[in-house]
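Computed from heavy atoms alone, side chains included, the values below leave out hydrogens, waters and symmetry copies. By convention in this document, chain letters (A, B, ...) are assigned in the order of the sequence lines, proteins followed by strands, and residues within each chain are numbered from 1.
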Amino acid sequence: MNEPPGNTHELWRRIDAAFDDDDSLDPEDCLRQLGIEAPLAPPALQDRLGSLLGQAFEDEPPTAEIGGTRYRVLERLDTGGQSDVYLAERADGVYARTVVIKLLAARYDQDTAREQLLREMQLLADLGHPGIVQILDGGFGAGGRPWLVLEKIDGPHIDAYFRQHASDTRSVVRMFRELCDALRFVHLRGIVHMDIKPANVLIRDISGAAYPVLIDFGIALEAAGLGQARRGVRFGTPGFAAPEQLAGEAVDPRADLYALGILLAQVLLDGDTDNAGRMTRDARRRALSAHGVPGDLVDVIERCTREHPEDRYASAEALRIDLDAWLNGFPLEASRHRLFHVVVKALRRHALAASVAALALFAGVAFTFKYTMDVRSLQSATLAEKKQSDTLINFMLGDLFERLTDLGRIDLLSLVADRSLEHLSQQDPGIMDDDARLLTSAAYANAGQVLDALEQPTRAQHAFEQAALNLAPLEQAPGRERDWLRQRATLLILESESSATEGQGAVTETLLREAVDRAGRLVDQYDEGHALLWEARLLLGWYLMEYDRPEQAEEQLQAALELANTQQVGVETHDWLINRSHSWQALAWYAYDYGDAAEAEPAMRRAIEQAEGAVAEAGDVIETHHNLRIVLNQLAFMLTQEGRAAEAAAAADRAIETGRQLQLMAPQNLEYERELAYSLTTRGEIAERQGNLEAARALYKESLDISRQLAEADSGSFTAANDLAIDLVSLGSVLARIGTREQAVALWSEASRLMTPVLAREPDNKYYQYTQATALVHLGRYEEARPLVDTLRDAGMDDEPFRELLAAHSLD
Amino acid sequence: MDGLPITEIVNMDPASLTPEQQRTMEDVYQQLKSVARGQRFRVHGRKIDTTALVHEAWLKHREKPTAFNDRNHFYAYCALAMRHILYNQARRNRLVTFVDEASAPEQHAVQDQSEFLIDLERQLRALRDYSPRLEKVFTYRFFGDMTLDEVADVLTVSKRTAIRDWKKAQAMLAAAGA
């Protein structure tokens, strides 16, 4: 490579020889003698290379400005009103790393302003999140110009990215969901970005997956650096900056949501406009619709970009939840009525639903809270640390969930779940190996379960989605089939519970069928996962019963029972005893609703037998008592329906007794309190039918006290209000029969007052209609009751007590 | 100078430098830059007086307790660093797209000089293969503005030999460029 051409080499030899012969020779003469016509290089550098020298030594203000010798500028990337941006590399030989250096325009001469800015820089430097550009270094250069050294992000701007990659609206929304996560992270630390626009969101490729990265916190920094002086100073990019920001008023995170909404519109409009923020609101809406953007999503953009901050989404989190909801086909926040509450909790008086709720409780897995602080400190973890932290999260979210569920303090897990998700979202997917992915998947799944229990279904859904994403690579990984099957089945079961409470019937069935298939393979091939298979079959059985497919349901339930019966009762004896109890319980309801009703009672008694076995085996485990009480309650219900009052009373008494024990064991568990109130009401109904009005009054009264307490603890909950109203009506009717009608009327009136706003919000809920109708009929307000009564009759909700009530008031 | 035989690091391939050599090079490089930023070196438009630059750098350098204590070896390092700096600058210039019409004449000169330097570098590497000493003499003289007395001192040859080598190198490089 360094070899000169042959003739050059020859020339050199001749030149060499010529000077060796006569060293007084002049170079020009020498060349002439050899017949070469070529000018000599000017002897002085500056004559020949002046411009290059000038460029090399003068055109480099940043190194001067950043005062140190650490960075060497490679090229100028951008010069703007606010800053100069350079591509640079570490020049001190410590790290070979290409970085971006940003030199802010403002000068800071006063110490206080400098300190303020440095504090803010530190704050930004502490933001360890894959969705946020990392600040590596910073300081003040000559003349007080602040400089920042930033991680270099390789990737296109977000608008360019979506122009290059043919992609649908969903993938755009998914990208913005990630952006919301990053923004939320920033906002939680009290920072407002203030300059979100296409040029400030880069798309980074990590192992084939695209992630958005928020860059350029320059304006945020300068705004913070100004402190109090900031008022009245205008920052930002016209079109993207929120109105209050352009007006120089104080801004909060909702200013970023405005810009994010414009950015979403800009990307969805796909190059049709240079600046979607400069269109009028109406024009933007029309353009989006013309582009085929679904109306719900246009609403989301509209809500982000309202004139007044208080009319926008309250936080990046709220926006993300709506984007999630949109992706999942759920109603958006504005139209959301807490489906979980409405659909599931409202059914509590319905026996079948009660069992499902009990099952969901039982099937729960979970955690403790003494480690919450630790999660925070695990933010920038290495792979080894990451695995450790995931194991910790899984312990908290997995093993402790159950215990805290029993204690009725899942609320304690809320913080853990939040922190865990925050931690998980910061992990770099690029560095994970299969073990790490497995742990991450489990952590997401556990977090999803907790969120589901906390009635945050869309967040839960997001977590399950992440769990599946992290797990996916293991399906094809050699030697990992067993791990994959186990985690996949676990995830499907958790997800099915969430989708069931969301009323997603078809999805639930698909999930459970796959769970049965995966767990079945795990059992067949590796002789493990029997509990998973049992649980999947049992849940599928319940599901099929709910959707009136009895034959298929029975097949699943029988298979579940057989599995439970053939399991060796070993170390965790009570677990399988409870599983057997659950299997018999489900079969009892199957017989009651679809099969031979005479078989229901024996099956339920088998369930009780197994439940008692579990209590005997592990009486210190709260869950065993809880399970026993549930089946006793259900037996009492069945016997009451058959008119076998004495036997029903005996079962209810035992249920109450077990309930009081549980009250002592887990005084904060509201679910247990509810269940106790239910036992008391059932026992009260029996006493009332037996004519023992005084006993009935006392039982109803005790139930009412509990319901009142629960309604207070969960104010705003429709179901708690409904439960309370039911107890008011029941106690009222007994008091009326005893002869204290005045008191009765007061109770019925209170019940009706409670139900009026609930029905206004949920006019189609049959259970709420039932409660209100009963109260109104008791009060003699027949005109108001009439439409409700008609509806209930049409829906077949007029059970025996209801018909008796109508008859007593001559309404039949 | 201490420890590092400069005669061994004329090789311009950065990968062939030891970490210590890289640090030394870096150090000289930064000193040159910091001196160049001083106002008095910018008086004639964009022209830089390299001689003054190098001498000023040495004066500043002497205030430090360690590193070079031999002025001529320090100059030699400066020459190398200068060659390094300019070569890298020239390579970068090849990758830049200029769109600003107003600065076109100046940019044209920069591009022209960059091509010249890249060509010169290639010839110097060939020359090193032919005769390492010739390459050094040219480097010190051309990039470092060193006197032939200083060059002779660094290379421990007679001044006469240094003069002859300088003339040889000039003629050879001109011949190679023809």
Side-chain angles (χ1 to χ4, degrees), chain A residues 1-5 7-20 22-31 34 36-61 63-64 68-70 72-76 91-93 142, chain B residues 19 22-23 26-27 29-30 32-34 36-37 41-42 45-51 53 82 85-86 88-90 92-93 95-96 106 109-110 112-114 116-117 120 122-123 125-131 141-143 145 160-161 163-165 167-168 170-178:
Chain A
M1 174 122 189
N2 292 339
E3 280 298 310
N7 62 335
T8 304
H9 218 247
E10 181 50 36
L11 278 176
W12 283 6
R13 249 193 287 278
R14 287 163 64 190
I15 292 169
D16 212 350
F19 282 101
D20 284 344
D22 175 11
D23 69 3
S24 68
L25 194 63
D26 189 71
E28 274 122 339
D29 293 341
C30 172
L31 289 173
L34 291 169
I36 299 167
E37 289 200 29
L40 286 183
L45 187 61
Q46 56 266 51
D47 294 340
R48 184 63 184 86
L49 297 173
S51 297
L52 191 61
L53 264 172
Q55 188 194 32
F57 284 94
E58 282 183 348
D59 274 3
E60 219 166 329
T63 33
T69 55
R70 274 169 294 181
R72 178 193 298 144
V73 168
L74 300 176
E75 64 180 289
R76 189 194 291 255
D92 58 5
Chain B
Q22 285 185 24
R23 270 195 299 279
E26 195 58 52
D27 198 34
Y29 179 19
Q30 293 303 338
L32 287 178
K33 290 203 163 189
S34 92
R37 281 192 292 269
F41 292 98
R42 298 186 188 177
R46 298 178 75 82
K47 297 268 175 75
I48 298 264
D49 182 344
T50 42
T51 313
L53 177 62
M82 191 72 81
I85 289 165
L86 293 177
N88 285 336
Q89 184 67 42
R92 275 198 294 277
N93 286 341
L95 299 173
V96 172
E106 178 61 22
V110 165
D112 175 59
Q113 293 176 11
S114 296
F116 168 80
L117 195 73
L120 177 62
R122 193 170 54 241
Q123 290 167 18
R125 290 180 190 195
L127 187 59
R128 183 183 59 215
D129 291 345
Y130 180 82
S131 161
R141 183 82 186 92
F142 184 72
F143 288 100
D145 256 348
R160 186 174 171 163
T161 303
I163 294 171
R164 189 177 61 230
D165 281 355
K167 291 200 275 190
K168 276 186 186 176
Q170 279 180 290
M172 285 179 181
L173 290 170

Rounded to the nearest 0.5 Å, the CD atom of B:Gln123 sits from the CH2 atom of A:Trp12 at a distance of 7.0 Å
One should read off an interatomic distance between A:Leu11 CG and B:Met172 CE, to the nearest 0.5 angstrom, of 10.0 Å
Between OG on residue A:Ser24 and NZ on residue B:Lys167, distance to nearest 0.5 Å: 6.0 Å
So how far is it from B:Lys168 NZ to A:Leu25 CG, rounded to the nearest 0.5 Å? 11.5 Å
In terms of heavy-atom proximity below 4.5 Å to chain B, should A:Arg13 be classed as side chain, backbone, both, or neither? both
A:Ile15 side, atom CD1; B:Tyr130 side, atom OH - distance, nearest 0.5 Å: 8.5 Å
